[in-house]
Amino acid sequence: MLKIYNTLTQKKEEFKSIVPNKIGMYVCGMTVYDYCHMGHARTMVAFDVIVRYLRASGYEVNYVCNITDIDDKIIHRANENKESFEKLTARFIEALEEDMRALYVLPPSWQPRATAHIEEMQVIINALLEQDIAYLGGNGDVYYDVSTFPHYGALSHRHLDQLQSGIRVEVAEAKRNPLDFVLWKAAKPAEPAWASPWGQGRPGWHIECSAMSMKGLGEHFDIHGGGFDLIFPHHENEIAQSEAANHQTFANYWMHVGFLQINKEKMSKSLGNFFTIRDVLKQYSPEVLRYFILTSHYRSPLNYSEEALENAKTALTRLYIALRDSDCLEEKSEGVDSVWQKRFTEAMDDDFNTSEALAVLFDLAREMNRINVEDKEKASELGQQLKALANILGLLQQPPAVFLKEAILQQAGLDTTQVESLIQQRHEARAAKNWALADQIREELTRLGVVIEDNKAGGTRWR
RNA sequence: GGCUGGGUAGCAGAGUGGUUAUGCCGCGGCCUGCAAAGCCGCUUACGCCGGUUCGAUUCCGGCCCCAGCCUCCA
């Protein structure tokens, strides 16, 4: 039985979908004015694994993840660069997709962009205005009147009065209440703008997610997710808008991914302490990043460090080494009822406990290594199970040789033949019992980053 | 100040009212010409103070500390 922690109720709840065997899921994606950093990677990988697991559990998942391609930061950055905002966002959308592909993040079922749904947003704003839930500020902006929504603060577990006292921003005079948020922003001269009943302008941030989730998933859907920092005010505002407009519950389960930290601080653009995905990929293979992200539970903070990535690399290597001896070439996925499968499922059913699930993979790998000598066939069978389970996490899908060797060759600027020729020389030295020479060659290989493993039969392999 | 999370062995990171997490590192053994890989075994835990209990790291209360949110942020 699948349990999901719901931010709204602050409890793990048994998951029940609105329509049997189908899930509608919305995740707030990126604002595209810069390259994605590792924090973004964490969120996207986390939800990717969640979707993969839900699908593996038999659900048909309609996964919508938006792209915010118009907002203040985009306009600002485009101005800085002296380019159009369209050009800017097109470039970073491409980069985003490249990064996601690299990390084996499966594309969402639908990836809507804000600028393509201005009309849908206006429809909602209009409905809110008609009900006097929204109002026109004197400056041409349209605001949402937070005081009209009785459940405001339910998701972030705050009350309106608490929020008021905590206000530390200058209040826009056009607002009735400092907590009111903008639905439609009047355009300043030379800003990108769309026509509307309230004049030229652009949508506020929150309204886009209401409009696009409604379009893709309907007025009421199963799961809504995002990073922890979106709980307030973004998701709170989405709920207020959507429920006021549709007169019904917006999303049933609210899921939030914890922060990636660096030196115990949140990694973020505002703090300037971030690493972009592409930077990190220069040093570590995408699968290592993915593994690193999955070592901790999605709701816990995860500390980024070089050491942690090195650790991830070694750990993944262990799994691939277990796999390299078994010819687990596809097929034979009948081991469905195995104890491994059961343990894995139990772990994932418990609010997607990936660290526990990884522990199962390691136990499985050990078992493989143990029986590999005496029962190769059985070991291969286990290998298939290992691969199949790992696939749900988006891991271990490369041929072991590729994972184990490619990075080394690239880093050393070598090709296979060069390595093999050295190994052949060492082989000859060993055959002549010239250990000194053999060791000297091995040292040279070590210097290149190549690890040598001799086996009993007299063969040698490397990684 | 209010509201969320969290404090587990050298590090990372799960979990549990009494019995092995897991990975990395370290130590011993097997294997090896020596290594590496693998296997077997071992060492180092549950922030502090009370309470409940036959028994608490696990439940309850208090305290201390850390992170996050209350402004844009995944």
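Chain letters run A, B, ... following the sequence lines, proteins first and then strands; every chain starts at 1.
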Between [N] and [M], how many Å separate the two [atom1] atoms, rounded to a whole number?
N      : M      : atom1 : answer
G7(B)  : C48(B) : P     : 13 Å
G41(B) : C63(B) : C1'   : 42 Å
A45(B) : A21(B) : P     : 12 Å
G15(B) : U57(B) : C1'   : 11 Å
U16(B) : A56(B) : C1'   : 10 Å
U19(B) : U58(B) : C1'   : 14 Å
U44(B) : G26(B) : C1'   : 10 Å
G38(B) : A74(B) : C1'   : 40 Å

Would you say the side chain of [Y] lies within less than 4.5 Å of the side chain of [X], judging by non-hydrogen atoms?
X         : Y         : answer
Leu361(A) : Phe344(A) : yes
Lys313(A) : Ser285(A) : no
Ile75(A)  : Ile70(A)  : yes
Thr68(A)  : Trp205(A) : yes
Glu13(A)  : Asn252(A) : no

Check whether the side chain of [X] and the base of [N] form a donor-acceptor pair under 3.5 Å.
X         : N      : result
Thr43(A)  : A74(B) : yes
Asp454(A) : C34(B) : yes
Lys73(A)  : C73(B) : no
Asp439(A) : G33(B) : yes
Arg430(A) : G33(B) : yes
Arg442(A) : A35(B) : yes

Could you tell me the separation between the [atom1] atom of [X] and the [atom2] atom of [N], rounded to a whole number of Å?
X         : N      : atom1 : atom2 : value
His157(A) : U4(B)  : NE2   : P     : 7 Å
Leu395(A) : G23(B) : CG    : C1'   : 13 Å
His256(A) : C70(B) : NE2   : P     : 13 Å
Glu307(A) : G23(B) : CD    : P     : 17 Å
Ile277(A) : A74(B) : CD1   : C1'   : 10 Å
Glu443(A) : G33(B) : CD    : P     : 19 Å
Ile231(A) : C3(B)  : CD1   : P     : 16 Å
Lys456(A) : C39(B) : NZ    : P     : 14 Å

Between [X] and [N], is there a side-chain N or O to OP1/OP2 distance below 4.0 Å?
X         : N      : value
Arg318(A) : C39(B) : yes
Gln10(A)  : G5(B)  : yes
Lys266(A) : C69(B) : yes
Arg343(A) : A21(B) : no
Asn353(A) : G15(B) : yes
Arg158(A) : C70(B) : no
Asn311(A) : G23(B) : no
Arg299(A) : G6(B)  : no
Thr446(A) : A36(B) : no

### Pairing of Arg343(A) and Glu346(A) as salt bridge, 4.0 angstrom limit
no
Opposite nucleotide pairing with [N], Watson-Crick or G-U, both atom distances under 3.5 Å:
N      : value
U16(B) : none
U4(B)  : A67(B)
G38(B) : C30(B)
A9(B)  : none

Can you figure out which of [options] approaches the side chain of [X] most closely?
X         : options                : answer
Glu356(A) : C72(B), U4(B), A14(B)  : A14(B)
Glu453(A) : A36(B), G15(B), G33(B) : A36(B)
Leu302(A) : A74(B), G13(B), C34(B) : G13(B)
Arg463(A) : C11(B), A36(B), G33(B) : A36(B)
Ser270(A) : U22(B), C11(B), C72(B) : C72(B)
His37(A)  : A36(B), C73(B), A74(B) : A74(B)
Tyr5(A)   : A14(B), G23(B), G5(B)  : G5(B)
Trp205(A) : C73(B), A21(B), G23(B) : C73(B)
Thr31(A)  : A74(B), G15(B), G5(B)  : A74(B)
Arg324(A) : A74(B), G13(B), A37(B) : A37(B)

### Query
Should the pair Lys269(A) and Tyr33(A) be classed as cation-pi, given the thresholds of under 6.0 Å to the six-membered ring centre and 45° from the axis?
yes
### Task
Could you check whether the rings of Phe232(A) and Tyr152(A) sit parallel, tilted or perpendicular, using 30° and 60° as the cut-offs?
perpendicular
### Task
Find which nucleotide of RNA chain B each of Val360(A) and Asp350(A) is nearest to by heavy atoms, and output the residue with the more 5' nucleotide.
Asp350(A)
### Message
Stacking between Trp435(A) and G33(B), defined as ring centres under 5.5 angstrom apart with planes under 30°, is that present or not?
### Response
yes
### Task
Check every strand shown and say whether Thr314(A) touches a base, only sugar-phosphate, or nothing at a heavy-atom separation below 4.0 Å.
sugar-phosphate
### Task
Looking at every strand, decide which applies to Phe362(A) at a 4.0 Å heavy-atom threshold: base, sugar-phosphate, or nothing.
sugar-phosphate
### Message
For the aromatic rings, using the six-membered ring if either is Trp, is the centroid distance between Phe92(A) and Tyr35(A) under 6.0 Å?
### Response
yes
### Message
Checking the side chain of Asp141(A) only, and the main-chain atoms of Val182(A) only, is there a donor and an acceptor separated by less than 3.5 Å?
### Response
no
